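The shown structure was predicted, so the numbers you read here are calculated from the model rather than taken from an experiment.
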Amino acid sequence: MQDAAAGGDDGLTDAVVPAAWPGQPPAATVLTALGAGAARYVGGAVRDALLGRPVQDIDIATVHGPETVIERVRAAGLAAHPTGLDHGTVTVVAEGHGFEVTTLRHDLATDGRYATVAFTDDWRADAARRDFTMNALYADAGGRIYDYTGGIADARSGRVRFIGDAAARIEEDGLRILRFFRFHAWYGAGAPDPAAVAACAAHRRLLRRLSAERVGAEIVRLLGAPDPGPSVAAMARAGVLAAVLPVAAPGAAAARLARLVARERQAGVAVAAERRLAALVGPEGADGATPAAEKRARSLGRSLRLSKAATARLEAALGAPPDLADRPGTADARTLAEAVYWDGRAAVVDRLLLDARLDDARSAAAVTAVGALACPRFPLGGRDLLALGLTPGPGVGRLLKRLERDWVAAGFAPDRERLLDRAAALIAGTGDASTPGDG
């Protein structure tokens, strides 16, 4: 049955997107090569252009089979790469930009992740096989939008809705469970569609079939939304969060995330998915991070196939935060300066935002203080110690680290000359290690 909010029999609506949007001009060259009426923009590019959001990747749908696509675009002087012929996808390069061009299709069979497809020239059939109504929008070269499922109304109202029966669509591809919550985080308004949430909860067993890379990518993209808190809370209630993340108490994890998002806004810091993931995986108590939480972070990084950099930031975020809980005022500048020197600005900001011992105001004030700190550089190196007569070997590193620790503990006060005097005294065996900076 046709959705009352969709276009007419041909799907054409009164809605339009701008005639030109970022990335669209070279894509228009591809549409021209495929022939008038034979190809349209499809999916996220149309949705985002309609909503006035930045347009990312531009995909194209066409009635032509992949062989015909290759023939026509090469005849127009464009490069074509058969990147997914079984599913009708050809990557076409125009003006240095790659565009996926996919033949209209419908599913013959699915296994819970992948589908066997048949090509078609029926736009409505192609729309019916997609996941959400807001992703089943098409636009022609003139910007006119074709809507077969009511996607325009859903996109404008912030309603993420499966096309047709939610359970049936999830059974076709279990990844759609995570995609639903991710799209709600980015595009949803108000509570998520209850029928969709219920279907996700009932079919969460399908998540076990997904690769770690897919799960990790979806979680990172979800947590990158301006406020993923409501979506994560819905995931927790549906049992989905516990199925994909090793958290002991999903409800508490969702609460920690909500607190973190509020603190990020108050402090005016940029979103970091790793910091938000850290809020989900630990710690359970109010005494700051624990070694167990850091261990979970390392394990989670491996299990979700996160990059080394992402795993390192996740682990660093769960390190011990600066001890400000019992100090007067909004922040102890010296404590923060030492923490930034040893652990880096990003790690300290993450830990302050995650520290349950601080109230929101103190957390924000400390983050602001960290942002204003100058980070000095230790003015000595190994060559300086060798020049003073120290024998090359492990002792160079040990003495350098001792001098550095003393320098930091003294508030970065000893200058290079005083440090050299102290180093010379220590090398000569006459230095007093209890008086850093005094030579």
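- Screening Trp342, Tyr341, Trp407 for a ring-ring contact (aromatic ring centres under 6.0 Å, His included) involving Phe378 leaves a single residue, Trp407.
- Listed by first and then second residue, the side chain to side chain donor-acceptor pair (under 3.5 Å) pairs involving residues 223-234 are His184-Ser231 (not counting sequence neighbours).
- Within the 4.5 Å cutoff, no side-chain heavy atoms of Pro226 are placed close to those of Val271.
- Looking only at side-chain heavy atoms (C-beta outward), Leu324 and Leu352 come within less than 4.5 Å of each other.
- In this structure a side-chain-to-backbone donor-acceptor pair under 3.5 Å is present from Arg205 to Ala202.
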- [ ] With side chain to side chain contact (heavy atoms under 4.5 Å, CB included) as the test, would you mind laying out the steps for Val17 and Gln24 before giving the verdict?
- [x] CA-CA 11 Å; Val17 294; Gln24 188 264 357; over 6 Å; no
Task: Steps toward side chain to side chain contact (heavy atoms under 4.5 Å, CB included) verdict (Leu403, Leu385) - done: CA-CA 11 Å; Leu403 289 165; Leu385 302 187; 4.1 Å; yes
Task: Audit row: Thr102, Asp126, side chain to side chain contact (heavy atoms under 4.5 Å, CB included) steps and yes/no - done: CA-CA 10 Å; Thr102 302; Asp126 186 76; over 6 Å; no
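- The shortest side-chain heavy-atom distance between Arg275 and Leu223 does not fall under the 4.5 Å cut-off.
- In this structure, Arg276 and Leu260 approach most closely via the heavy-atom pair CA-CD2, 3.6 Å.
- Taking the charged nitrogens against the carboxylate oxygens, Glu218 and Arg214 have no contact shorter than 4.0 Å, which rules out a salt bridge.
- With Phe162 as the aromatic partner, Arg176 does not meet the cation-pi criteria of under 6.0 angstrom to the ring centre and within 45 degrees of the ring axis.
- Side-chain contact annotation: Asp154 with Thr133, donor-acceptor N/O pair under 3.5 Å present.
- Using modelled atom types, one side-chain atom of Thr13 and one backbone atom of Ile145 make a donor-acceptor pair closer than 3.5 Å.
- Ion pair Asp140/Arg40 not flagged as a salt bridge, since none of the NZ, NE, NH1 or NH2 atoms sits closer than 4.0 Å to an Asp/Glu carboxylate oxygen.
- The environment of Asp57 atom CG is sparse: at most 12 non-hydrogen atoms of other residues, nucleotides or ligands sit within 6.0 angstrom.
- At least one side-chain heavy atom of Val90 sits less than 4.5 Å from a side-chain heavy atom of Leu85.
- Inter-residue side-chain proximity for Arg263 and Val269 is flagged as unmet; no heavy-atom pair is nearer than 4.5 Å.
- Atom CD of Glu71 has 12 or fewer heavy atoms from other residues, nucleotides or ligands within 6.0 Å.
- The aromatic ring centres of Trp123 and Tyr138 sit less than 6.0 Å apart.
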- [ ] Starting from the C-alpha separation in whole Å, work towards a yes-or-no answer on side chain to side chain contact (heavy atoms under 4.5 Å, CB included) for Arg72 and Leu78.
- [x] CA-CA 9 Å; Arg72 292 184 71 98; Leu78 305 177; over 6 Å; no
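- Looking at heavy atoms from C-beta onward, Arg169 lies out of side-chain contact with Asp131 at the 4.5 angstrom threshold.
- A salt bridge links Arg159 with Asp193: the closest approach of a Lys/Arg side-chain nitrogen to an acidic carboxylate oxygen falls below 4.0 angstrom.
- Between the side chain of Arg351 and the main chain of Ala320, a donor-acceptor pair closer than 3.5 Å is present.
- Across every non-hydrogen atom of Val261 and Pro228, the tightest pair is CG2-CD, 4.1 Å.
- Between Val240 and Leu178, some side-chain heavy-atom pair lies under the 4.5 Å cut-off.
- Ring geometry for His97 versus Phe99: interplanar angle of 30 to 60°, hence tilted.
- Side chains of Val244 and Leu210 form no contact here, defined as non-hydrogen atoms less than 4.5 Å apart.
- Residues Ala136 and Thr149 come closest through the heavy atom pair CB-OG1, 4.0 Å.
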